[in-house]
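The figures here come from the full heavy-atom set of this structure, side chains too, leaving out hydrogens, waters and symmetry mates. Sequence lines set the chain letters: A, B, ... in the order given, protein chains first and strands last, and positions in each chain run from 1.
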Amino acid sequence: MSEARKICLLGDFAVGKSSLVARFVRNTFSDKYLTTVGVKVDSKEVRLTDRAVKLVVWDLAGKAELDSLNKTYIRGAHGLMLVVDGTREASLRAALYLWMQSQKQLAQVPVVLMINKLDLVDRWEVSAADIERLSESVPTFRTSALSGEGVEAAFASLAQRVTERP
Amino acid sequence: MTKFQQLRELLLGDERRALERQQAQIDALSDAHADLAQQLPALIEAAEQGPAKPALHQALSPAVAAALDDSVRRAPQRIVDALFPIIGPAIRKAIAEALRGFVLDINRAMEMSFTPRGLRWRFESWRSGVPFAQVVLKHTLSYCIDHLFLIEREAGILLYRYSAPELPDLDADAIAGMLTAIGDFVRDSVQAPGGGSLASATVGEHLLLVREGPRATLAAFVRGVPPAALHERLSQKLEDLHRGAAGDPGFDWPVEAARALDVTAALVVRGEEQRAPMPKWPWIALALFLAIGCSWLIWQRIESGREREQLQSIVAAEPGWRLIALDRNGAWQLKLLRDPDARSVTHLQQQFGGSVEVDEIAFLSLDDMPVARRAERTLALPATASVRVERGVLALSGEVDSAWTERYLPLASAIAGVRDVDTRALKIGPTARERLQALAEDLNRRALRFSRGGADVDEDQRSALVADVRRLVEMAQSLEVRIVATVTGHSDEGGSERRNRRLRAERAQILHDSLRAAGVGADQIVIAVDNPQALAPKATMHWEIR
C-alpha cells in the first residue's frame, strides 16, 4: 500500500474544483454529496520520481469562507489546493481568505494555487502581475479543467511537496 | 586586630571558617527549599519533556497511588465529586450499549416469532428445552464481514483495510475519507452532547458498524445479521490498538492494525456460521401438498363433470322431463320441466343422496309414457283393458263394455299428445249388469240335488254352487244393486206326505245356509211357501235383481 496523503481543495463556488477533480481522479462518488454532505472524496495514486503517493482528495463544496463543518473536513489535511476562477478576481480574494482561515488549523501545510479556466484566458480578471507576485510565495499553476492543461502538474507538485514533509 | 583576636584566630580559625561554610550551605539550602514550591511544576514539566520522563513516572507512581488511596479513605466524597462528571456518562454509555444489544436481540427474536422459520425455531426450543431467544441467536449468527477499515480519525486517511477476497476492488481511500466526512457531518448536524457519533447504518443487506476511538475509527461493512457480540469485539479491538498506541510514541498503526485486525477478520470470518442450505423436505412436502391438492381438484372436476353428464343423461332419458338449468353450488341444483303424469323426481334424489335439489315447473309433455298415463287417467279404463302409446298413437286393447265405449272412447282422441286412436284390439263385451243378470238366470236354472228320501248333498256340488253365488254377490256389490233369492225345497213321489213335507223344509234350509255361506245377507233370502208338488229331491232358488 502506497503512502496516503489528504489533500483539500478550497475555493469559492463555481471556480471549477469539481471539474478539476474529475479531470484528475476516477470518480467513485456522485457529485450530489457536495450539495448534501458538503464534501466529496476521491483518491488517485501519483507516481513521483522515487516513489508513489496516494492523494486522497477532499473536494469541499465551494464557499467564500470556512464554516464549522468545513473546518472539521480540513482537519488533518497534508496539503491544500486553492482554486481560483481566473475570470473572477473576487474568487482570488476568497481563496486567499480561505487559506488564511485554514492556517489556524493547518500551520505550514504545503499549498498550491490553481488559476483555473485557462481556456477563457482572454476574459481573465486576475492579472498576470498578480499571478507573478503570488507565485513568489506559493506555487501557482494556470489550469483548465476543460482541456486538462496544468492539472496533472499542479497535483504532482503538491504530491511532491506533501511527501517531503514528515 | 588585638592579641586576643589573633590568638583566637590561631586557635579556632579553621573551625570558624568551616562553620561559616556550613552556615552558607544551610542558608543556600534554605533558600532553595523556599523556592521549590514555585519551581516544582516547571521542574516536573521539564522532566516530562526530557529523557527523565520514564524515571519521573516511575518515581511518582507509588506516591500518587498511595496518595490516591489515602485520599479515598480520608475524603471519599471529594473523589466521588471529581469522578462524577466522568463516571456518569461512562456508565450511561455502557448501559446504552448493553441495552442496544439486548434490544437488538429482542427485536430479532420478536421478528422471528411469527414467521414459518420462527415457528420452526419455537418447535426446536420446545423440543430441546433451550430458551427461544438463544435458539434465534444460534440461527441468526450468519454474517460475513465484507470490508473492515481502520481510519485515522482526524484526517480520514486509511490505516488498514481488510476486504473479503471474493469481492471486487474498491477505492478504499476514498471510502474511508467519505466515511470520515459523513461521520463528521452527522456529528455536526446532530451536535450531540458528549460527542455522539455515527455508530451504525443499514444499506440493503449490508450493515455498517462504526466504532470511534480518539485517534482511529474502525468501520466494518457486514453482510447478514451479526450478533451483538461483534459490536463488542470491534470495540475491544479498537481499544486494544489505542492502548498500545498510548504508551508508544513510535506506534506503527498500519502494522499493528494489520496484526490485530487480520486476526479479528479471520476470526470473524471463521466464526461465521455458514448458513445451512435450506433442507429440501419442505419443498418436497410443499410440492407433494400441491400435487395432492391439484389431483384432488382435478378429481373433483372430473367427478363433477361425470355427475353432471350422469344427471343430464338421466333427465334426458326420462319421458316427460326437460332440463332447463344445471348448476352446482355445494349441491346440484336442477331446474326442471316435468309433466305431472311423468315419474316423480324422488328416485333421482334417492340415487344422488341429498346432493340434488330440484326446482320443478309443470308442463304437458308429448312423450309416449306420460301421454299413456294421461290416457289411463282420463279414460278410466277397466281392469280388463289397457293402453299403449307409440309415437302419438293410442292403442286400446282388452275388453270393455258398451257403456264404457259410449262414455269414454270419444274422449281418447282429445287427450293431449294423442294423434290417433287404434281400437282394433279392443273388444266390446256385455255390461256388468248384463253379466249379473246372466249369472242370476244361470243360477235360477240350477238346483242343489239331494239323495233320494234324504237331505244329504254332494259337497262338490254344493261348493261349486256357493262359488258361483259368491261371484254373483260380488258383481252385485260392484254394481251397487240389491239382489234377493227365493229358496224352495222339493221332494219326489215316494214316501208319505208328512215325510216329504219335512224333507222339503230341510232341503230349503240347507240351500238357505249355503247361500248364507256364500255371503248373501239374511235379509236377501226368502224361503218360499211349501210346494207339495212332487218333482225331485232338490232345492231351487230364484234370484231377483232390484
Spacing of [atom1] belonging to [X] relative to [atom2] belonging to [Y], to within rounding of 0.5 Å:
X	Y	atom1	atom2	value
F185(B)	T36(A)	CZ	OG1	6.5 Å
N70(A)	D184(B)	CG	CG	11.0 Å
R75(A)	E152(B)	CZ	CD	9.0 Å
K44(A)	D173(B)	NZ	CG	13.5 Å

Closest approach of D42(A) to A174(B) (non-hydrogen atoms, all atoms of both residues) | CA-CB, 3.8 Å
Give the minimum heavy-atom separation between K40(A) and M178(B), together with the two atoms involved.
->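 K40(A) and M178(B) have their closest heavy atoms at CA-SD, 3.8 Å.
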Pairs touching residues 38-52 of chain B that satisfy side chain to side chain donor-acceptor pair (under 3.5 Å), sequence neighbours left out = E48(B)-H57(B)
Pairs meeting criterion side chain to side chain donor-acceptor pair (under 3.5 Å) with involvement of residues 90-114 of chain A, two or more places apart =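 Every side chain to side chain donor-acceptor pair (under 3.5 Å) pair that includes a residue of residues 90-114 of chain A, provided the two are not neighbours, is E89(A)-R93(A).
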Contacts under 3.5 angstrom, residues 79-87 of chain A side chains, donor-acceptor by atom type, not counting sequence neighbours:
residue: D85(A); atom: OD1; partner: T87(A); partner atom: N; Å: 3.0
residue: D85(A); atom: OD1; partner: T87(A); partner atom: OG1; Å: 2.7
residue: D85(A); atom: OD2; partner: T87(A); partner atom: OG1; Å: 3.1
residue: D85(A); atom: OD2; partner: R88(A); partner atom: NE; Å: 3.1
residue: D85(A); atom: OD2; partner: K117(A); partner atom: NZ; Å: 3.1

For the pair I157(B) and H78(A), evaluate side chain to side chain contact (heavy atoms under 4.5 Å, CB included) and give the outcome as yes or no after the intermediate values.
-> CA-CA 10 Å; I157(B) 296 293; H78(A) 299 95; 3.9 Å; yes
F13(A) atom CZ: more than 12 heavy-atom contacts under 6.0 Å =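 Not more than 12 within 6.0 Å, no.
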Is there any residue in residues 46-65 of chain A with a non-hydrogen atom under 4.5 Å from a non-hydrogen atom of chain B, and which ones are they?
->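 Hits under 4.5 Å: K54(A), V56(A), W58(A).
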